[in-house]
Amino acid sequence: MEFIGFTNEDFEVFLIDGLEPRMEALKDRIRPKLEGLGSYFAPTLSAITGEEMFVHVAKHARRTINPPKDTWVAFANNKRGYKMLPHFQIGLWNTHLFIWFAVIYEAPQKSEIGERFSKKTAKIHKEIPKDFVWSIDHTKPETILHQQMAKDDLKKMFERLSTIKKAELLCGYTIDREQVIQLGSEGLVEQINDVFQKVVPLYKLAMGIK
(Lines give C-alpha, C1' and ligand atoms only; values in the text may rest on other atoms or scores of the structure.)
Protein backbone atom coordinates (compact mmCIF):
# COMPACT_ATOMS: atom_id res chain seq x y z
CA MET A 1 0.00 0.00 0.00
CA GLU A 2 1.08 3.61 -0.48
CA PHE A 3 0.37 4.81 3.06
CA ILE A 4 3.68 5.71 4.78
CA GLY A 5 2.44 6.61 8.25
CA PHE A 6 1.95 9.95 9.99
CA THR A 7 4.68 12.24 11.29
CA ASN A 8 4.91 14.98 13.89
CA GLU A 9 4.78 17.51 11.04
CA ASP A 10 1.41 16.14 9.93
CA PHE A 11 -0.14 16.83 13.32
CA GLU A 12 1.50 20.28 13.42
CA VAL A 13 -0.46 21.28 10.29
CA PHE A 14 -3.42 22.11 12.55
CA LEU A 15 -1.39 24.83 14.25
CA ILE A 16 -0.71 26.75 11.02
CA ASP A 17 -2.38 30.17 11.11
CA GLY A 18 -4.81 31.20 8.41
CA LEU A 19 -7.30 29.28 6.27
CA GLU A 20 -5.33 29.22 3.02
CA PRO A 21 -1.92 28.24 4.47
CA ARG A 22 -3.47 25.48 6.57
CA MET A 23 -5.60 24.20 3.68
CA GLU A 24 -2.53 24.13 1.43
CA ALA A 25 -0.61 22.10 4.02
CA LEU A 26 -3.56 19.74 4.47
CA LYS A 27 -3.75 19.14 0.72
CA ASP A 28 -0.01 18.64 0.34
CA ARG A 29 0.81 16.66 3.47
CA ILE A 30 -2.25 14.90 4.88
CA ARG A 31 -4.74 14.37 2.07
CA PRO A 32 -2.47 11.98 0.10
CA LYS A 33 -2.06 9.85 3.23
CA LEU A 34 -5.80 9.80 3.83
CA GLU A 35 -6.33 8.80 0.20
CA GLY A 36 -3.84 5.97 0.75
CA LEU A 37 -5.77 4.78 3.80
CA GLY A 38 -8.99 5.10 1.82
CA SER A 39 -7.70 2.90 -1.00
CA TYR A 40 -6.48 0.33 1.48
CA PHE A 41 -9.52 0.10 3.76
CA ALA A 42 -12.38 0.42 1.26
CA PRO A 43 -12.02 -3.25 0.14
CA THR A 44 -11.62 -4.38 3.76
CA LEU A 45 -14.78 -2.57 4.89
CA SER A 46 -16.66 -3.78 1.82
CA ALA A 47 -15.75 -7.36 2.75
CA ILE A 48 -16.69 -7.15 6.43
CA THR A 49 -19.93 -5.18 5.93
CA GLY A 50 -21.08 -7.03 2.83
CA GLU A 51 -21.68 -3.67 1.10
CA GLU A 52 -19.52 -1.83 -1.41
CA MET A 53 -17.79 1.03 0.41
CA PHE A 54 -16.78 4.28 -1.29
CA VAL A 55 -14.02 6.64 -0.14
CA HIS A 56 -14.73 10.29 0.75
CA VAL A 57 -11.76 12.47 1.75
CA ALA A 58 -12.78 15.67 3.55
CA LYS A 59 -12.40 18.72 1.28
CA HIS A 60 -13.52 21.44 3.75
CA ALA A 61 -14.85 23.25 0.69
CA ARG A 62 -17.43 25.40 2.50
CA ARG A 63 -14.90 27.06 4.78
CA THR A 64 -14.27 30.74 4.11
CA ILE A 65 -12.74 32.00 7.38
CA ASN A 66 -11.96 29.41 10.04
CA PRO A 67 -9.27 26.85 9.17
CA PRO A 68 -10.18 23.21 9.89
CA LYS A 69 -9.18 21.84 13.30
CA ASP A 70 -9.37 18.24 12.09
CA THR A 71 -9.58 16.27 8.86
CA TRP A 72 -10.55 12.75 7.84
CA VAL A 73 -11.37 10.11 5.28
CA ALA A 74 -14.85 8.57 5.45
CA PHE A 75 -16.27 5.33 4.05
CA ALA A 76 -19.94 4.84 3.13
CA ASN A 77 -22.00 2.64 0.83
CA ASN A 78 -22.84 5.62 -1.40
CA LYS A 79 -20.56 7.10 -4.06
CA ARG A 80 -22.11 10.58 -3.79
CA GLY A 81 -21.84 11.23 -0.05
CA TYR A 82 -21.50 9.86 3.45
CA LYS A 83 -22.92 12.38 5.94
CA MET A 84 -26.49 11.19 5.48
CA LEU A 85 -25.54 7.58 6.20
CA PRO A 86 -23.98 5.50 8.97
CA HIS A 87 -20.30 5.46 8.01
CA PHE A 88 -16.71 4.93 9.12
CA GLN A 89 -13.96 7.54 9.56
CA ILE A 90 -10.21 7.75 10.06
CA GLY A 91 -8.89 11.22 10.87
CA LEU A 92 -6.62 13.55 12.78
CA TRP A 93 -6.80 16.33 15.32
CA ASN A 94 -3.62 18.10 16.47
CA THR A 95 -3.49 15.81 19.51
CA HIS A 96 -4.61 12.40 18.24
CA LEU A 97 -5.89 10.12 15.50
CA PHE A 98 -9.48 8.83 15.57
CA ILE A 99 -11.14 5.73 14.11
CA TRP A 100 -14.94 5.97 14.17
CA PHE A 101 -18.20 4.33 13.35
CA ALA A 102 -20.40 7.41 13.01
CA VAL A 103 -24.00 8.56 12.70
CA ILE A 104 -23.96 12.34 12.43
CA TYR A 105 -26.76 14.89 12.46
CA GLU A 106 -27.37 14.86 8.68
CA ALA A 107 -28.57 11.23 8.79
CA PRO A 108 -32.36 11.23 8.28
CA GLN A 109 -32.82 7.75 9.77
CA LYS A 110 -31.30 8.64 13.17
CA SER A 111 -34.55 8.01 15.03
CA GLU A 112 -34.80 4.41 13.81
CA ILE A 113 -31.09 3.80 14.45
CA GLY A 114 -31.38 5.10 18.00
CA GLU A 115 -34.32 2.77 18.61
CA ARG A 116 -32.42 -0.24 17.25
CA PHE A 117 -29.46 0.58 19.47
CA SER A 118 -31.69 1.08 22.52
CA LYS A 119 -33.11 -2.43 22.12
CA LYS A 120 -29.57 -3.86 22.08
CA THR A 121 -28.12 -1.71 24.88
CA ALA A 122 -27.04 -4.64 27.06
CA LYS A 123 -25.34 -6.43 24.15
CA ILE A 124 -23.53 -3.28 23.01
CA HIS A 125 -22.45 -2.47 26.56
CA LYS A 126 -20.97 -5.95 26.91
CA GLU A 127 -19.29 -6.28 23.52
CA ILE A 128 -17.66 -2.88 22.96
CA PRO A 129 -14.06 -3.04 24.32
CA LYS A 130 -13.44 -1.13 27.56
CA ASP A 131 -10.79 1.14 26.02
CA PHE A 132 -13.05 2.26 23.15
CA VAL A 133 -14.68 5.69 23.31
CA TRP A 134 -17.95 7.39 22.43
CA SER A 135 -18.72 10.88 21.17
CA ILE A 136 -21.95 12.85 20.75
CA ASP A 137 -20.40 15.64 18.64
CA HIS A 138 -17.99 14.95 15.76
CA THR A 139 -16.86 18.60 15.73
CA LYS A 140 -15.26 18.33 19.19
CA PRO A 141 -12.24 16.24 20.24
CA GLU A 142 -13.65 15.23 23.63
CA THR A 143 -14.69 11.59 24.08
CA ILE A 144 -16.29 9.36 26.75
CA LEU A 145 -14.48 6.15 27.70
CA HIS A 146 -16.69 3.07 27.33
CA GLN A 147 -15.33 1.62 30.56
CA GLN A 148 -16.81 4.57 32.47
CA MET A 149 -20.30 4.17 31.03
CA ALA A 150 -23.15 2.27 32.68
CA LYS A 151 -25.86 0.66 30.58
CA ASP A 152 -28.19 3.54 31.48
CA ASP A 153 -25.64 6.06 30.15
CA LEU A 154 -25.54 4.24 26.84
CA LYS A 155 -29.32 4.00 26.65
CA LYS A 156 -29.64 7.75 27.23
CA MET A 157 -27.21 8.38 24.35
CA PHE A 158 -29.23 6.11 22.08
CA GLU A 159 -32.51 7.77 23.10
CA ARG A 160 -30.94 11.17 22.50
CA LEU A 161 -30.06 10.07 18.96
CA SER A 162 -33.70 9.16 18.40
CA THR A 163 -35.27 12.31 19.80
CA ILE A 164 -32.95 15.29 19.26
CA LYS A 165 -32.62 16.75 15.77
CA LYS A 166 -28.91 17.63 15.98
CA ALA A 167 -27.88 14.55 17.99
CA GLU A 168 -24.94 12.44 16.87
CA LEU A 169 -23.38 9.15 17.91
CA LEU A 170 -19.84 7.97 17.28
CA CYS A 171 -18.01 4.93 18.65
CA GLY A 172 -14.43 3.91 18.10
CA TYR A 173 -10.89 4.41 19.28
CA THR A 174 -8.40 7.27 19.61
CA ILE A 175 -4.61 7.11 19.55
CA ASP A 176 -2.35 9.87 20.93
CA ARG A 177 -0.14 11.44 18.28
CA GLU A 178 3.12 10.18 19.82
CA GLN A 179 1.84 6.61 19.68
CA VAL A 180 0.58 7.08 16.10
CA ILE A 181 4.08 8.12 15.06
CA GLN A 182 5.69 5.21 16.94
CA LEU A 183 3.32 2.67 15.38
CA GLY A 184 4.44 3.54 11.85
CA SER A 185 2.41 2.59 8.81
CA GLU A 186 2.10 -1.16 9.42
CA GLY A 187 1.31 -0.90 13.12
CA LEU A 188 -1.28 1.80 12.53
CA VAL A 189 -2.98 -0.13 9.74
CA GLU A 190 -3.18 -3.17 12.01
CA GLN A 191 -4.73 -1.06 14.79
CA ILE A 192 -7.28 0.56 12.45
CA ASN A 193 -8.25 -2.81 11.04
CA ASP A 194 -8.80 -4.18 14.54
CA VAL A 195 -11.06 -1.24 15.47
CA PHE A 196 -13.15 -1.56 12.31
CA GLN A 197 -13.69 -5.26 12.98
CA LYS A 198 -15.05 -4.41 16.44
CA VAL A 199 -17.40 -1.59 15.37
CA VAL A 200 -18.82 -3.30 12.29
CA PRO A 201 -21.62 -4.88 14.39
CA LEU A 202 -22.78 -1.33 15.20
CA TYR A 203 -22.80 -0.48 11.50
CA LYS A 204 -24.80 -3.60 10.65
CA LEU A 205 -27.28 -2.85 13.44
CA ALA A 206 -27.63 0.75 12.22
CA MET A 207 -28.24 -0.40 8.66
CA GLY A 208 -30.60 -3.23 9.62
CA ILE A 209 -28.23 -5.86 8.18
CA LYS A 210 -28.73 -9.33 9.65
Side-chain angles (χ1 to χ4, degrees), residues 14 19 22-23 26-27 30-31 34-35 37-38 41-42 45-46 48-93 96-121 124 128 132-144 153-174 192 195-196 198-209:
F14 298 103
L19 176 62
R22 192 178 302 181
M23 283 300 303
L26 280 174
K27 288 175 187 174
I30 300 179
R31 191 174 292 173
L34 293 177
E35 287 168 351
L37 286 170
F41 279 106
L45 286 167
S46 297
I48 60 179
T49 62
E51 299 186 329
E52 185 177 3
M53 287 285 158
F54 298 93
V55 178
H56 303 271
V57 177
K59 299 290 196 295
H60 309 289
R62 295 178 188 172
R63 289 183 175 270
T64 55
I65 300 171
N66 297 320
K69 295 179 180 178
D70 65 331
T71 197
W72 59 89
V73 56
F75 305 84
N77 70 349
N78 188 309
K79 190 181 286 189
R80 298 181 66 184
Y82 66 94
K83 293 182 179 181
M84 66 291 199
L85 293 162
H87 62 274
F88 302 92
Q89 293 182 14
I90 306 164
L92 304 178
W93 290 83
H96 64 274
L97 177 140
F98 56 83
I99 309 149
W100 287 128
F101 157 76
V103 180
I104 60 175
Y105 71 89
E106 287 96 332
Q109 68 276 49
K110 287 191 309 157
S111 180
E112 295 89 335
I113 294 169
E115 288 172 10
R116 287 189 194 126
F117 279 27
S118 290
K119 290 175 183 174
K120 300 286 186 179
T121 298
I124 294 168
I128 293 297
F132 275 38
V133 293
W134 295 85
S135 169
I136 57 171
D137 187 342
H138 80 279
T139 67
K140 296 178 180 177
E142 292 80 17
T143 59
I144 310 156
D153 298 325
L154 267 187
K155 196 168 183 67
K156 284 174 186 172
M157 276 204 318
F158 300 154
E159 288 169 352
R160 183 176 182 274
L161 188 68
S162 288
T163 56
I164 295 177
K165 188 177 180 181
K166 292 286 187 180
E168 299 187 337
L169 186 73
L170 300 92
C171 181
Y173 192 71
T174 62
I192 294 168
V195 174
F196 281 154
K198 290 183 170 73
V199 296
V200 155
L202 295 178
Y203 176 83
K204 289 185 174 181
L205 182 59
M207 297 293 286
I209 301 171

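Only a predicted model underlies this, so the values are computations on that prediction, with no experimental measurement involved.
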- prompt: Does some side-chain heavy atom of Ile30 sit less than 4.5 Å from a side-chain heavy atom of Phe14?
  reply: yes
- line: Nearest heavy-atom approach of Trp100 to Val133 is CZ3-O, 3.5 Å
- line: By side chain to side chain contact (heavy atoms under 4.5 Å, CB included), Glu159 pairs with (sequence neighbours left out) Ser118, Lys155
Interatomic distance, Leu97 atom CG to Asp70 atom CG [nearest 0.5 angstrom]: 11.0 Å
message: Walk me through whether Glu106 and Leu85 qualify under side chain to side chain contact (heavy atoms under 4.5 Å, CB included).
response: CA-CA 8 Å; Glu106 287 96 332; Leu85 293 162; over 6 Å; no
message: To the nearest 0.5 Å, what is the distance between CD1 on Ile104 and NZ on Lys166?
response: 10.5 Å
- request: For the pair Glu168 (side chain) and His138 (backbone), establish whether a donor and an acceptor sit closer than 3.5 Å, ignoring hydrogens and angles.
  value: yes
message: Given 3.5 Å as the limit, does a donor-acceptor pair link the side chain of Ser135 with the main chain of Thr143, or not?
response: no
field: Minimum-distance pair of heavy atoms, taken over all atoms of Gly38 and Val73
entry: CA-CG2, 4.2 Å
query: Roughly how far, to the nearest 0.5 Å, is the CD1 atom of Ile192 from the CG atom of Leu37?
result: 5.0 Å
- prompt: After noting the C-alpha distance and the side-chain angles of Ile144 and Asp153, does the key distance pass the side chain to side chain contact (heavy atoms under 4.5 Å, CB included) rule?
  reply: CA-CA 10 Å; Ile144 310 156; Asp153 298 325; over 6 Å; no
query: What pair of heavy atoms forms the shortest contact from Ile209 to Glu51, and how long is it?
result: CD1-OE2, 3.4 Å
- prompt: Do Lys198 and Tyr173 touch side chain to side chain, with heavy atoms closer than 4.5 Å?
  reply: no
- prompt: Is Phe88 close to Val200 at the side-chain level, that is, under 4.5 Å between some pair of heavy atoms?
  reply: yes
query: Minimum heavy-atom separation for Met53 to Ser46, with atom names?
result: N-OG, 2.9 Å
- line: Taken to the nearest 0.5 Å, the spacing of Ile48 CD1 from Phe41 CZ works out to 9.0 Å
- request: Would you indicate whether the side-chain heavy atoms of Ile113 and Leu169 approach each other to under 4.5 Å?
  value: no
message: Ignoring hydrogens, what is the shortest heavy-atom contact between Ala206 and Phe117? Give both atom names and the distance.
response: N-CE1, 3.7 Å
- request: Measure the OH-CG distance between Tyr203 and Leu45 for me, rounded to the nearest 0.5 Å.
  value: 9.0 Å
- prompt: Taking the six-membered ring for Trp, are Phe75 and Phe196 parallel (under 30°), tilted (30 to 60°) or perpendicular (over 60°)?
  reply: perpendicular
query: In terms of heavy-atom contacts, does NZ of Lys69 have more than 12 from other residues, nucleotides or ligands at under 6.0 Å?
result: no
- prompt: With a 4.5 Å limit on heavy-atom distance, are the side chains of Val103 and Phe101 in contact?
  reply: yes
- prompt: Under 4.5 Å between any side-chain heavy atoms of Thr71 and Leu34, yes or no?
  reply: yes
- prompt: Which distance, rounded to the nearest 0.5 Å, do you find between the CE of Met207 and the OG1 of Thr49?
  reply: 8.5 Å
- prompt: Can you tell me if Gln89 uses its side chain to pair, donor with acceptor, with the backbone of Ala74 under 3.5 Å?
  reply: no
- line: Closest non-hydrogen contact found for Ala58 with Arg31 is O-NH2, 3.7 Å
- request: Hey, can you tell me if His56 and Tyr82 have their rings parallel, tilted or perpendicular (30° and 60° cut-offs)?
  value: tilted
query: Do Pro67 and His60 touch side chain to side chain, with heavy atoms closer than 4.5 Å?
result: no
message: Can you confirm whether Ile128 sits close enough to Trp134 that some side-chain heavy atom of one is under 4.5 Å from a side-chain heavy atom of the other?
response: yes
message: For Met84, give me all partners under side chain to side chain contact (heavy atoms under 4.5 Å, CB included), at least two apart in sequence or on another chain.
response: Asn78, Pro108
